[in-house]
Amino acid sequence: MSLFSLVQAQRYVGVNVDNDLYFGIDQYYSSGIFLEYGKILNSSKDSITKNQNFVSHHWTLGQEINTPSYRSTNKLSKMDYPYSGWLFLRFIEDRFQGPDFGFGWGVEIGTTGAEASLAKPMQNSYHKLILNLDPLSWAYSIPQQYHLNFQATLRWGLSINKKLKWVQESQLHLGTFRTAASSRIGLQFGNLAGLPFFGKRLEYYKKGTALFLGNVFHYNYHNYGLTGKRVNPNSPFDANDFVNTLQAGILFYSKKGTAHFLVNSISKRIVSERFNRHPYLNITLTRIFN
(Lines give C-alpha, C1' and ligand atoms only; values in the text may rest on other atoms or scores of the structure.)
Protein backbone atom coordinates (compact mmCIF):
# COMPACT_ATOMS: atom_id res chain seq x y z
CA MET A 1 0.00 0.00 0.00
CA SER A 2 1.26 3.50 -0.82
CA LEU A 3 2.59 5.59 2.02
CA PHE A 4 0.54 8.52 0.75
CA SER A 5 -3.10 9.35 0.14
CA LEU A 6 -4.10 11.35 -2.93
CA VAL A 7 -6.12 13.59 -0.62
CA GLN A 8 -4.18 16.69 0.38
CA ALA A 9 -4.22 18.78 3.51
CA GLN A 10 -5.19 22.37 2.80
CA ARG A 11 -3.64 24.23 5.73
CA TYR A 12 -1.93 23.84 9.11
CA VAL A 13 -1.26 25.72 12.33
CA GLY A 14 1.68 24.98 14.56
CA VAL A 15 3.90 26.01 17.43
CA ASN A 16 7.66 25.66 17.20
CA VAL A 17 9.88 26.08 20.29
CA ASP A 18 13.67 26.11 20.76
CA ASN A 19 15.01 26.00 24.32
CA ASP A 20 18.12 24.90 26.20
CA LEU A 21 16.39 24.51 29.59
CA TYR A 22 15.77 20.86 28.69
CA PHE A 23 19.53 20.42 29.25
CA GLY A 24 19.53 22.32 32.54
CA ILE A 25 21.18 25.45 31.11
CA ASP A 26 20.09 28.95 30.10
CA GLN A 27 22.66 30.72 27.92
CA TYR A 28 23.68 31.73 24.40
CA TYR A 29 20.76 30.97 22.03
CA SER A 30 18.45 30.31 24.94
CA SER A 31 14.92 30.61 23.52
CA GLY A 32 13.01 30.67 20.27
CA ILE A 33 9.20 30.72 19.98
CA PHE A 34 7.51 30.57 16.57
CA LEU A 35 3.80 30.54 15.71
CA GLU A 36 3.22 29.05 12.26
CA TYR A 37 0.45 28.95 9.67
CA GLY A 38 0.49 27.63 6.12
CA LYS A 39 -1.75 26.61 3.23
CA ILE A 40 -1.74 25.25 -0.31
CA LEU A 41 -1.63 28.02 -2.90
CA ASN A 42 -2.51 25.85 -5.87
CA SER A 43 -1.92 22.23 -6.78
CA SER A 44 -3.86 20.53 -9.56
CA LYS A 45 -2.34 17.14 -8.77
CA ASP A 46 -0.65 15.42 -5.86
CA SER A 47 2.95 16.64 -5.74
CA ILE A 48 4.18 13.24 -4.54
CA THR A 49 3.58 12.07 -8.11
CA LYS A 50 6.76 12.71 -10.03
CA ASN A 51 6.98 15.69 -12.38
CA GLN A 52 4.09 17.50 -10.69
CA ASN A 53 4.26 20.91 -9.05
CA PHE A 54 3.23 21.74 -5.50
CA VAL A 55 3.10 25.31 -4.22
CA SER A 56 2.48 26.39 -0.61
CA HIS A 57 2.63 29.58 1.45
CA HIS A 58 3.86 29.81 5.04
CA TRP A 59 3.76 32.57 7.68
CA THR A 60 5.74 32.66 10.94
CA LEU A 61 5.53 35.09 13.85
CA GLY A 62 8.66 34.50 15.88
CA GLN A 63 10.94 35.68 18.65
CA GLU A 64 14.54 34.69 19.41
CA ILE A 65 16.47 35.48 22.62
CA ASN A 66 20.23 35.30 23.20
CA THR A 67 21.83 35.42 26.67
CA PRO A 68 25.42 35.36 28.04
CA SER A 69 26.48 32.55 30.37
CA TYR A 70 26.96 35.01 33.27
CA ARG A 71 23.42 36.38 33.20
CA SER A 72 23.53 38.72 36.22
CA THR A 73 26.77 40.60 35.62
CA ASN A 74 26.99 44.20 34.40
CA LYS A 75 30.73 43.89 33.70
CA LEU A 76 31.70 43.60 30.05
CA SER A 77 34.87 41.69 31.00
CA LYS A 78 32.71 38.81 32.28
CA MET A 79 30.27 38.73 29.38
CA ASP A 80 31.02 36.10 26.76
CA TYR A 81 27.91 36.59 24.63
CA PRO A 82 25.48 39.44 23.92
CA TYR A 83 21.97 39.91 25.18
CA SER A 84 19.75 40.27 22.14
CA GLY A 85 16.15 39.89 21.04
CA TRP A 86 14.71 39.44 17.53
CA LEU A 87 10.96 39.78 16.87
CA PHE A 88 9.90 39.14 13.28
CA LEU A 89 7.25 38.18 10.75
CA ARG A 90 8.32 35.83 7.95
CA PHE A 91 6.66 34.80 4.68
CA ILE A 92 7.87 31.83 2.59
CA GLU A 93 6.74 30.35 -0.70
CA ASP A 94 7.80 26.73 -1.31
CA ARG A 95 7.65 24.88 -4.63
CA PHE A 96 8.22 21.13 -4.93
CA GLN A 97 8.67 19.19 -8.17
CA GLY A 98 8.18 15.63 -7.01
CA PRO A 99 8.82 14.31 -3.51
CA ASP A 100 12.59 14.84 -3.39
CA PHE A 101 13.26 18.20 -5.02
CA GLY A 102 12.05 21.65 -4.10
CA PHE A 103 13.00 25.27 -3.79
CA GLY A 104 11.59 28.39 -2.20
CA TRP A 105 12.02 32.03 -1.36
CA GLY A 106 11.07 34.21 1.58
CA VAL A 107 11.03 37.67 3.12
CA GLU A 108 11.37 38.65 6.77
CA ILE A 109 10.71 41.94 8.59
CA GLY A 110 11.31 42.61 12.26
CA THR A 111 13.11 44.48 15.00
CA THR A 112 15.96 43.93 17.42
CA GLY A 113 16.35 45.63 20.79
CA ALA A 114 15.78 44.50 24.37
CA GLU A 115 12.46 46.31 24.73
CA ALA A 116 11.31 46.60 21.11
CA SER A 117 11.61 42.84 20.53
CA LEU A 118 9.81 42.17 23.85
CA ALA A 119 12.74 39.88 24.74
CA LYS A 120 13.77 41.58 27.99
CA PRO A 121 10.28 41.87 29.55
CA MET A 122 9.29 38.35 28.49
CA GLN A 123 12.51 36.72 29.69
CA ASN A 124 12.62 38.56 33.01
CA SER A 125 8.93 37.89 33.68
CA TYR A 126 9.51 34.18 33.00
CA HIS A 127 12.58 34.07 35.27
CA LYS A 128 10.80 35.94 38.06
CA LEU A 129 7.32 34.39 37.96
CA ILE A 130 8.05 30.83 36.77
CA LEU A 131 11.64 30.08 37.80
CA ASN A 132 11.66 32.31 40.90
CA LEU A 133 14.99 33.86 39.85
CA ASP A 134 16.28 37.42 39.88
CA PRO A 135 15.85 39.50 36.70
CA LEU A 136 18.71 39.34 34.19
CA SER A 137 20.89 42.41 33.72
CA TRP A 138 20.54 42.84 29.93
CA ALA A 139 23.74 44.89 29.98
CA TYR A 140 25.40 45.66 26.62
CA SER A 141 22.41 44.31 24.69
CA ILE A 142 22.28 44.56 20.89
CA PRO A 143 20.65 47.93 19.99
CA GLN A 144 17.17 48.39 18.58
CA GLN A 145 16.88 48.56 14.79
CA TYR A 146 14.32 47.58 12.16
CA HIS A 147 15.38 44.98 9.58
CA LEU A 148 14.47 43.55 6.20
CA ASN A 149 15.82 40.18 5.05
CA PHE A 150 15.41 37.86 2.06
CA GLN A 151 16.15 34.15 1.75
CA ALA A 152 16.35 31.43 -0.90
CA THR A 153 16.23 27.66 -0.29
CA LEU A 154 17.06 24.55 -2.32
CA ARG A 155 16.18 21.04 -1.07
CA TRP A 156 16.77 17.59 -2.50
CA GLY A 157 17.00 13.93 -1.50
CA LEU A 158 18.62 10.80 -2.96
CA SER A 159 17.34 7.35 -1.97
CA ILE A 160 19.96 4.84 -0.85
CA ASN A 161 17.47 2.04 -0.26
CA LYS A 162 13.76 1.71 0.52
CA LYS A 163 13.98 3.45 3.90
CA LEU A 164 17.33 5.29 3.88
CA LYS A 165 17.92 8.57 2.06
CA TRP A 166 20.65 11.18 1.75
CA VAL A 167 19.10 14.66 2.12
CA GLN A 168 20.36 18.21 1.75
CA GLU A 169 18.99 21.73 2.25
CA SER A 170 20.95 24.82 1.18
CA GLN A 171 19.96 28.35 2.21
CA LEU A 172 21.10 31.87 1.37
CA HIS A 173 20.16 34.88 3.53
CA LEU A 174 20.65 38.49 2.48
CA GLY A 175 19.60 41.60 4.37
CA THR A 176 20.21 44.03 7.20
CA PHE A 177 19.65 41.45 9.95
CA ARG A 178 21.51 38.43 8.54
CA THR A 179 23.74 37.80 5.53
CA ALA A 180 24.77 34.15 5.52
CA ALA A 181 24.83 30.81 3.71
CA SER A 182 24.24 27.33 5.08
CA SER A 183 24.11 23.71 3.97
CA ARG A 184 22.21 21.11 5.99
CA ILE A 185 23.14 17.54 5.08
CA GLY A 186 22.35 14.19 6.60
CA LEU A 187 20.63 10.83 6.53
CA GLN A 188 16.88 10.28 6.79
CA PHE A 189 15.53 6.87 7.81
CA GLY A 190 11.93 5.68 8.04
CA ASN A 191 8.72 4.98 6.17
CA LEU A 192 7.99 8.61 5.19
CA ALA A 193 8.95 9.47 1.63
CA GLY A 194 9.78 12.97 0.47
CA LEU A 195 11.64 15.42 2.72
CA PRO A 196 9.53 15.69 5.88
CA PHE A 197 12.36 17.27 7.93
CA PHE A 198 12.71 20.16 5.47
CA GLY A 199 9.97 22.77 5.36
CA LYS A 200 6.29 22.01 5.79
CA ARG A 201 4.79 19.51 3.35
CA LEU A 202 0.98 19.72 3.17
CA GLU A 203 0.30 16.43 1.41
CA TYR A 204 -1.80 14.02 3.44
CA TYR A 205 0.66 11.50 4.81
CA LYS A 206 -0.39 8.19 6.23
CA LYS A 207 0.79 7.46 9.75
CA GLY A 208 4.55 7.12 9.82
CA THR A 209 7.87 7.90 11.47
CA ALA A 210 11.23 9.17 10.27
CA LEU A 211 14.65 9.73 11.87
CA PHE A 212 17.25 12.31 10.93
CA LEU A 213 20.98 12.55 11.67
CA GLY A 214 23.03 15.33 10.18
CA ASN A 215 25.04 18.53 10.35
CA VAL A 216 24.45 22.15 9.35
CA PHE A 217 27.44 24.11 8.07
CA HIS A 218 27.02 27.89 8.39
CA TYR A 219 28.99 30.74 6.90
CA ASN A 220 28.03 34.01 8.63
CA TYR A 221 29.08 37.19 6.89
CA HIS A 222 26.99 39.29 9.27
CA ASN A 223 24.40 38.72 12.01
CA TYR A 224 23.09 41.92 13.61
CA GLY A 225 21.53 39.91 16.45
CA LEU A 226 25.00 38.78 17.58
CA THR A 227 27.42 41.59 16.69
CA GLY A 228 25.35 44.64 15.78
CA LYS A 229 26.44 46.69 12.77
CA ARG A 230 29.20 45.28 10.60
CA VAL A 231 30.26 48.79 9.54
CA ASN A 232 30.79 51.24 12.41
CA PRO A 233 30.18 48.48 15.03
CA ASN A 234 27.79 49.22 17.89
CA SER A 235 28.54 46.02 19.83
CA PRO A 236 31.76 44.82 21.52
CA PHE A 237 31.37 41.17 20.46
CA ASP A 238 33.14 39.35 17.61
CA ALA A 239 31.52 36.48 15.70
CA ASN A 240 33.01 33.32 14.22
CA ASP A 241 32.49 33.23 10.47
CA PHE A 242 32.15 29.43 10.30
CA VAL A 243 29.81 27.51 12.62
CA ASN A 244 28.36 23.99 12.58
CA THR A 245 25.31 22.44 14.22
CA LEU A 246 25.06 18.69 14.89
CA GLN A 247 21.46 17.45 14.70
CA ALA A 248 19.52 14.30 15.60
CA GLY A 249 15.75 14.12 15.40
CA ILE A 250 12.57 12.09 15.12
CA LEU A 251 9.30 12.99 13.44
CA PHE A 252 5.85 11.42 13.81
CA TYR A 253 3.11 11.86 11.19
CA SER A 254 -0.59 11.12 11.55
CA LYS A 255 -3.61 12.17 9.52
CA LYS A 256 -4.29 14.99 11.99
CA GLY A 257 -0.83 16.44 12.56
CA THR A 258 2.85 16.02 13.25
CA ALA A 259 5.21 15.98 16.24
CA HIS A 260 8.86 16.81 15.60
CA PHE A 261 11.76 16.61 18.09
CA LEU A 262 15.25 17.75 17.09
CA VAL A 263 18.36 17.90 19.31
CA ASN A 264 20.88 20.56 18.24
CA SER A 265 24.49 21.10 19.32
CA ILE A 266 25.97 24.30 17.90
CA SER A 267 29.63 25.33 17.94
CA LYS A 268 30.82 28.75 19.09
CA ARG A 269 29.07 31.63 17.33
CA ILE A 270 30.88 34.28 19.41
CA VAL A 271 34.66 34.13 19.80
CA SER A 272 34.53 34.78 23.56
CA GLU A 273 32.10 31.95 24.46
CA ARG A 274 33.30 29.95 27.46
CA PHE A 275 31.93 26.64 26.16
CA ASN A 276 32.84 24.96 22.88
CA ARG A 277 29.31 23.76 22.07
CA HIS A 278 25.79 24.68 23.11
CA PRO A 279 22.86 22.20 23.06
CA TYR A 280 19.20 23.05 22.68
CA LEU A 281 16.05 21.13 21.81
CA ASN A 282 13.47 22.00 19.17
CA ILE A 283 9.89 20.77 19.62
CA THR A 284 7.40 21.42 16.82
CA LEU A 285 3.73 20.44 17.03
CA THR A 286 1.52 20.90 13.99
CA ARG A 287 -2.24 20.46 13.46
CA ILE A 288 -3.28 19.68 9.90
CA PHE A 289 -6.68 20.58 8.40
CA ASN A 290 -8.15 19.10 5.22
Side-chain angles (χ1 to χ4, degrees), residues 16-34 62-71 73 76-86 88 108 112 119 123 140-142 149 151 153-155 166-175 177-188 197-198 211-230 233 235-250 260-284:
N16 182 336
V17 177
D18 291 331
N19 211 304
D20 58 5
L21 281 176
Y22 305 107
F23 297 95
I25 54 178
D26 184 17
Q27 62 192 25
Y28 305 155
Y29 175 47
S30 59
S31 174
I33 302 176
F34 315 97
Q63 181 196 60
E64 298 178 357
I65 299 176
N66 292 282
T67 308
S69 59
Y70 292 125
R71 301 183 298 277
T73 185
L76 179 59
S77 60
K78 290 187 176 182
M79 297 184 68
D80 62 343
Y81 203 87
Y83 282 104
S84 72
W86 169 231
F88 66 89
E108 194 172 66
T112 53
Q123 187 180 54
Y140 301 97
S141 61
I142 298 297
N149 244 76
Q151 71 178 66
T153 305
L154 178 67
R155 306 178 176 107
W166 176 263
V167 293
Q168 180 167 343
E169 177 183 62
S170 298
Q171 289 192 337
L172 179 66
H173 298 266
L174 180 64
F177 179 73
R178 178 188 294 116
T179 297
S182 66
S183 181
R184 183 185 185 197
I185 60 175
L187 293 173
Q188 175 183 310
F197 283 93
F198 296 164
L211 302 173
F212 176 78
L213 183 64
N215 201 341
V216 188
F217 299 95
H218 313 260
Y219 168 68
N220 298 309
Y221 177 76
H222 174 236
N223 188 325
Y224 188 93
L226 295 179
T227 58
K229 294 180 180 178
R230 186 172 179 90
S235 170
F237 298 96
D238 296 320
N240 286 314
D241 291 336
F242 295 95
V243 177
N244 72 86
T245 304
L246 302 174
Q247 295 184 325
I250 185 168
H260 177 198
F261 304 89
L262 186 69
V263 176
N264 298 265
S265 175
I266 188 167
S267 64
K268 289 185 178 182
R269 295 204 290 178
I270 297 295
V271 174
S272 56
E273 287 180 38
R274 294 192 301 124
F275 301 97
N276 290 327
R277 304 199 71 88
H278 174 241
Y280 66 92
L281 177 66
N282 171 265
I283 299 177
T284 302

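All values reported here derive from a predicted model rather than from experimental measurement. For this chain, numbers begin at 1 and follow the sequence in order.
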Notebook entry, point to check: Looking only at side chains, do Gln123 and Ser31 share a donor and an acceptor under 3.5 Å apart?
Noted result: no
Notebook entry, point to check: So Met79 and Tyr70, side-chain contact (heavy atoms from CB on, under 4.5 Å) or not? Walk me through it.
Noted result: CA-CA 6 Å; Met79 297 184 68; Tyr70 292 125; 6.0 Å; no
Note to self: In the structure I gave you, are the side-chain heavy atoms of Thr227 and Asp238 within less than 4.5 Å of one another anywhere?
What the structure shows: no
Check: With a 6.0 Å cut-off on ring centres, are His260 and Phe197 close enough?
Finding: yes
Next item on the list: Compare all side-chain heavy atoms of Phe217 with those of Ser182 and state whether any distance is below 4.5 angstrom.
Entry: no
Notebook entry, point to check: From Arg230 CZ over to Thr179 OG1, what is the distance, rounded to the nearest 0.5 angstrom?
Noted result: 9.0 Å
Note to self: Would you say that Tyr22 contacts Ile283 through its side chain, given a criterion of any heavy-atom pair below 4.5 Å between the two side chains?
What the structure shows: yes
Checklist line | Shortest non-hydrogen contact from Ser84 toward Gly225 | finding: OG-O, 2.8 Å
Next item on the list: Would you give the length of the straight line joining atom CG of Asp80 to atom OH of Tyr28, rounded to the nearest 0.5 angstrom?
Entry: 3.5 Å
Notebook entry, point to check: Does any non-hydrogen side-chain atom of Leu246 lie less than 4.5 Å from one of Asn215?
Noted result: yes
Notebook entry, point to check: Tell me, do Gln247 and Thr245 make a side-chain contact under 4.5 Å, heavy atoms counted?
Noted result: yes
Checklist line | For Arg178, the option from Gln151, His222, His173 that meets side-chain contact (heavy atoms from CB on, under 4.5 Å) | finding: His173
Notebook entry, point to check: Partners of Arg155 by salt bridge (charged side-chain N to carboxylate O under 4.0 Å, His left out), sequence neighbours excluded?
Noted result: Asp94, Glu169
Item checked: Closest non-hydrogen atom pair between Gln27 and Pro68, with its separation -> CB-O, 4.1 Å
Check: So, for Asn220 and Ala180, which heavy atoms are closest and what is the spacing to 0.1 Å?
Finding: OD1-CB, 3.6 Å
Check: Arg269: what forms a side chain to side chain donor-acceptor pair (under 3.5 Å) with it, not counting sequence neighbours?
Finding: Asn66, Tyr81
Note to self: Less than 4.5 Å apart, side chain to side chain, heavy atoms only: is that true for Phe34 and Thr284?
What the structure shows: no
Note to self: How long is the straight-line distance from CD1 of Ile65 back to CD1 of Ile33, given to the nearest 0.5 Å?
What the structure shows: 6.5 Å
Item checked: Residues forming a ring pair (Phe, Tyr, Trp, His ring centres under 6.0 Å) with Tyr29, sequence neighbours excluded -> Tyr280
Next item on the list: Check whether the side chains of His278 and Asp20 place a donor and an acceptor atom closer than 3.5 Å, and report yes or no.
Entry: yes
Margin query: Give me the atom names and distance for the closest heavy-atom approach of Leu76 to Pro236.
Written below: CD1-CG, 3.7 Å
Note to self: side-chain contact (heavy atoms from CB on, under 4.5 Å) for Val167 and Phe212? Distances and angles first, verdict last.
What the structure shows: CA-CA 9 Å; Val167 293; Phe212 176 78; 3.7 Å; yes
Next item on the list: Please check if the distance between the ring centroids of Tyr219 and Phe242 is under 6.0 Å.
Entry: yes
Notebook entry, point to check: Would you say the side chain of Leu226 lies within less than 4.5 Å of the side chain of Phe237, judging by non-hydrogen atoms?
Noted result: no
Note to self: Test of understanding: with side chain to side chain donor-acceptor pair (under 3.5 Å), list the residues that count as partners of Ser272, not counting sequence neighbours.
What the structure shows: none
Check: For Tyr83 and Thr67, what are the C-alpha separation, side-chain angles and deciding distance, and is it a side-chain contact (heavy atoms from CB on, under 4.5 Å)?
Finding: CA-CA 5 Å; Tyr83 282 104; Thr67 308; 3.7 Å; yes
Item checked: Straight-line distance of Leu21 CG to Ser30 OG, nearest 0.5 Å -> 8.0 Å
Note to self: Test of understanding: with side chain to side chain donor-acceptor pair (under 3.5 Å), list the residues that count as partners of Gln63, not counting sequence neighbours.
What the structure shows: none
Next item on the list: Hey, could you give me the CG/OG distance between Asn276 and Ser267, rounded to the nearest 0.5 Å?
Entry: 9.0 Å
Check: Do Arg184 and Phe198 meet the cation-pi criteria used here (NZ or CZ under 6.0 Å from the six-membered ring centre, within 45° of the axis)?
Finding: no
Notebook entry, point to check: Where is the tightest heavy-atom contact between Ala119 and Gly85, given as atom of each residue plus distance?
Noted result: CB-CA, 3.6 Å
Note to self: List the residues meeting side chain to side chain donor-acceptor pair (under 3.5 Å) with Asn244, not counting sequence neighbours, and say none if there are none.
What the structure shows: Arg277
Note to self: Let me confirm one number: the CG-CG distance from Asn282 to Asn264, rounded to the nearest 0.5 Å.
What the structure shows: 6.5 Å
Check: Would you say the side chain of Trp86 lies within less than 4.5 Å of the side chain of Phe177, judging by non-hydrogen atoms?
Finding: yes
